[in-house]
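Each chain gets a letter, A, B and so on, in the order the sequences are listed, and its residues count up from 1.
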There are 2 protein chains.
Amino acid sequence: MSLDYTNSIPLHVQLKKILEQQIYNGYYTEKLPSERELMDEYYVSRSTVRQSIEQLVRERVLERKPGKGTFVAIRTINDWLGSLHSTSENIEKMGMAPGAKLVASQEIEVFGRLKDVTGLDKAHHFKRVRYADDIPMGIERHYYPVGLGKKLSQYNLDQEAFYELLEKELKVKTFQAEQEIKAGAATRNDAKLLHILEGASIIIAERKITDIHGDFVEFERAHYRADMYSFKITLSRNSK
Amino acid sequence: MSLDYTNSIPLHVQLKKILEQQIYNGYYTEKLPSERELMDEYYVSRSTVRQSIEQLVRERVLERKPGKGTFVAIRTINDWLGSLHSTSENIEKMGMAPGAKLVASQEIEVFGRLKDVTGLDKAHHFKRVRYADDIPMGIERHYYPVGLGKKLSQYNLDQEAFYELLEKELKVKTFQAEQEIKAGAATRNDAKLLHILEGASIIIAERKITDIHGDFVEFERAHYRADMYSFKITLSRNSK
DNA sequence: CAGTGGTCTAGACCACTGG
DNA sequence: CAGTGGTCTAGACCACTGG
């Protein structure tokens, strides 16, 4: 691919798109050519190359390491969830020790709202109870496409590492998450697992994650004890 | 102020800090000198000036208008709350018409947790019921320092414009917001205002806003009917 | 030591703005 | 028309990396 010098689209924008494509297509997976090599490859000046790369650094697609080179950025889900904290982090902030226990892992038929949201007929379902200092404070249900679920089920899931597994072990490139937070009342089953009364207030979080192609990766539905759990979000004017 | 050429801190970083200070000190309130004027003023090249300005544009402190100049950015709170939607927006997304009604506006003594969070002894308290298609779906309580509250109380508050008032009319420069979302049960008073049963599930949102100096601006506590309201957050890898 | 990204200069041409 | 930010070039020196 080369640049179109007659086009009114600035060269650095064209080059940025080419590099972005090559990264998402997997052509560059780690180190990029140096700025001087890219100058020769695309017949542009170093500042134009730098403009393209700067944009991608700002979007956290690339990372620059002075003296070493320019690299594809490694980012975890929790990292770009950014202002929203993970379950483990929330529990740790309360001064308690986070824990998890897998109570179900099976293939299921999907119907109703879950089918609408995921677009799946079958899914692999994981159900985990989350603990804070050994007190049960939430139930997290994860739904994955069958193939992905099968792979995940080979790991030890009595830990807090779902997202890390997806990113690091299974190389799923996640892209976007939509999260909804609402309140509700505990079902009989919730009540039993969480040691609370049926009908007690719970806080419900639903999250849908799609990969860079917009394909479904995960749907999660979590029920937390309202007296033990809340979501904290910090929003700041400096996006830095 | 001028730049220190012997200092190891890059010139564009020094210049960025100077400009940032002048903006926050109110020296520049609207239009900045042109890039060519800044070159002459600080004895640097145009690319160095542009590097400084680019950084401030990225942090949303400045805005560039091609052909016109560089300006101090005007930003509303809802704007930088970004991924979190406002009450009105949430109601509109449900396909309903948002409304509000002021039911209390008074100076109060502050104690307990509210005193801890705000650091105030006295506060001005506003209480509004929020509607969706004339159905009451939430109670929002706002607490301000007495002086600010007095100013706000002179406006017509039977509308959705609290943040806009703060920013546009009262020139409060907000900076950071911390938000907590949890669940609870309706008190008798909640139940009466929201037309629900005492003890029914509600979702509770608390938000503390501070200005650019870290000084307290507002504390808000809102109770929403769990069957009618939820928080939606979209998180994306591209921060753009 | 060669190679890397970071910084900085001087200069040029462009499209757009608004009197 | 002069003035603005946007784009682009060519070239230079720097500190840091790692063989």
Side-chain angles (χ1 to χ4, degrees), chain A residues 1-20 22-23 28-74 240, chain B residues 1-20 22-23 28-74 240:
Chain A
M1 242 178 310
S2 63
L3 305 184
D4 178 359
Y5 295 86
T6 62
N7 196 317
S8 68
I9 296 175
L11 298 175
H12 75 268
V13 174
Q14 293 184 45
L15 178 54
K16 185 217 151 189
K17 280 183 187 154
I18 291 176
L19 295 176
E20 198 168 24
Q22 288 174 322
I23 291 160
Y28 295 132
T29 54
E30 213 188 336
K31 193 174 182 306
L32 261 70
S34 75
E35 296 175 355
R36 286 157 183 92
E37 283 167 347
L38 288 171
M39 284 172 69
D40 297 340
E41 189 173 343
Y42 292 99
Y43 303 102
V44 287
S45 71
R46 188 154 162 235
S47 15
T48 300
V49 171
R50 281 183 66 79
Q51 261 187 92
S52 307
I53 291 176
E54 244 145 48
Q55 188 62 33
L56 291 167
V57 167
R58 212 171 307 152
E59 295 175 12
R60 310 217 194 184
V61 173
L62 293 178
E63 274 173 350
R64 292 206 260 222
K65 299 183 184 175
K68 298 181 76 176
T70 304
F71 299 82
V72 175
I74 300 164
K240 273 169 197 173
Chain B
M1 241 179 309
S2 63
L3 306 183
D4 178 359
Y5 296 86
T6 63
N7 196 319
S8 67
I9 297 175
L11 298 175
H12 75 268
V13 174
Q14 293 184 46
L15 179 54
K16 185 218 152 190
K17 280 182 188 156
I18 290 177
L19 294 176
E20 197 168 24
Q22 289 175 321
I23 291 160
Y28 296 131
T29 55
E30 214 188 336
K31 191 173 184 304
L32 261 69
S34 75
E35 296 176 355
R36 287 157 182 92
E37 283 167 346
L38 288 171
M39 284 172 70
D40 296 340
E41 188 173 343
Y42 291 99
Y43 303 103
V44 288
S45 70
R46 187 154 164 236
S47 16
T48 300
V49 171
R50 281 183 65 79
Q51 261 186 91
S52 306
I53 291 176
E54 244 145 48
Q55 188 61 32
L56 291 168
V57 168
R58 211 171 307 152
E59 294 175 13
R60 311 216 194 182
V61 173
L62 293 178
E63 273 173 349
R64 292 206 259 222
K65 300 182 183 174
K68 297 182 75 177
T70 305
F71 298 82
V72 176
I74 299 163
K240 273 169 200 171

**Message:** Checking side-chain polar atoms at under 3.5 Å, does B/Q55 have a donor or acceptor matched by the opposite partner on B/E59?
**Reply:** yes
**Request:** Identify whether the distance between the nearest side-chain nitrogen and carboxylate oxygen of B/E54 and B/R64 falls below 4.0 Å.
**Result:** yes
**Item:** Mate of D/dT9 where both pairing distances stay under 3.5 Å, Watson-Crick or G-U
**Value:** C/dA10
**Message:** Contact between A/L38 and A/E41 at the side-chain level, heavy atoms closer than 4.5 Å - yes or no?
**Reply:** yes
**Item:** B/K16 and its side chain to side chain contact (heavy atoms under 4.5 Å, CB included) partner, picked from B/L56, B/L11, B/V61
**Value:** B/L56
**Item:** Counterpart base for C/dG18, defined by Watson-Crick or G-U wobble contacts under 3.5 Å
**Value:** D/dC1
Check the interface with nucleotides 5-9 of chain D: list each N/O to N/O pair with the protein under 3.5 Å, or write none.
residue	atom	partner	partner atom	Å
D/dG5	OP1	B/T70	N	3.3
D/dG5	OP1	B/T70	OG1	2.9
D/dG5	OP2	B/E35	N	2.9
D/dG5	N7	B/R36	NH1	2.9
D/dG5	N7	B/R46	NH2	3.3
D/dG5	O6	B/R36	NH2	3.2
D/dG6	OP2	B/R50	NH1	2.9
D/dG6	OP2	B/R50	NH2	3.1
D/dG6	OP2	B/R64	NE	3.0
D/dG6	N7	B/R46	NH2	2.8
D/dG6	O6	B/R46	NH1	3.1
D/dC8	OP1	A/L11	N	2.4
D/dC8	OP2	A/L11	N	3.3
D/dC8	OP2	A/H12	N	3.2
D/dC8	OP2	A/H12	ND1	2.9
D/dT9	OP2	A/S45	N	2.6
D/dT9	OP2	A/S45	OG	2.6
D/dT9	OP2	A/T48	OG1	2.6

**Message:** Without decimals, in angstroms, what is the distance between A/N7 CG and C/dA15 C1'?
**Reply:** 15 Å
**Prompt:** Is there side-chain contact between A/I18 and A/L3, with heavy atoms separated by less than 4.5 Å?
**Reply:** yes
